Asks: 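Take a look at this one; I'll ask things after.
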Amino acid sequence: MESLALVVSVIVIAIAVVGVAALVVAWKNPERALGRIAGSVVGVLALVTGGWLALLDIGTGGRVFGGVVAVAGATALVRSIRRG
């Protein structure tokens, strides 16, 4: 059981890191093509992982957390595309 809790915590921390990276990408203004590509990749990753967590059959807190990460990813993706 301890190893399962460790795996779950690593997955949730990874999703949180992707969400924070998406917020940073959405906040910054990437002027180079490489920055826009990186912003799009981070946005898609955050959107997919957050959406996956939000759609799991878990408690409300996990779903809200996943939804917040998915919204951050969608925001980063839209802002990266509009600046291009």
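Count residues from 1 along the sequence. Note that the structure is predicted; figures quoted are calculated from it, not measured.
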Asks: Extract all donor-acceptor atom pairs below 3.5 Å that involve side chains of residues 12-20 and protein atoms in other chains or at least two apart in sequence.
Replies:
none

Asks: Please determine whether residues V69 and L53 belong to a single hydrophobic cluster, defined as Ile, Leu, Val, Met, Phe, Trp and Tyr linked transitively by side-chain heavy-atom distances below 4.5 Å.
Replies: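 Same cluster: V69 reaches L53 through Ile, Leu, Val, Met, Phe, Trp or Tyr contacts under 4.5 Å.
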Asks: S9 versus L6: any side-chain heavy-atom pair under 4.5 Å?
Replies: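 Counting from C-beta outward, S9 and L6 do come under 4.5 Å.
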Asks: Compare all side-chain heavy atoms of R63 with those of I58 and state whether any distance is below 4.5 angstrom.
Replies: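 R63 vs I58: side chains touch.
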Asks: Would you be so kind as to tabulate the donor-acceptor pairs closer than 3.5 Å made by side chains of residues 39-52, with sequence neighbours excluded?
Replies:
unit_1	atom_1	unit_2	atom_2	d
S40	OG	R36	O	3.0
T49	OG1	L45	O	2.8
T49	OG1	A46	O	3.4

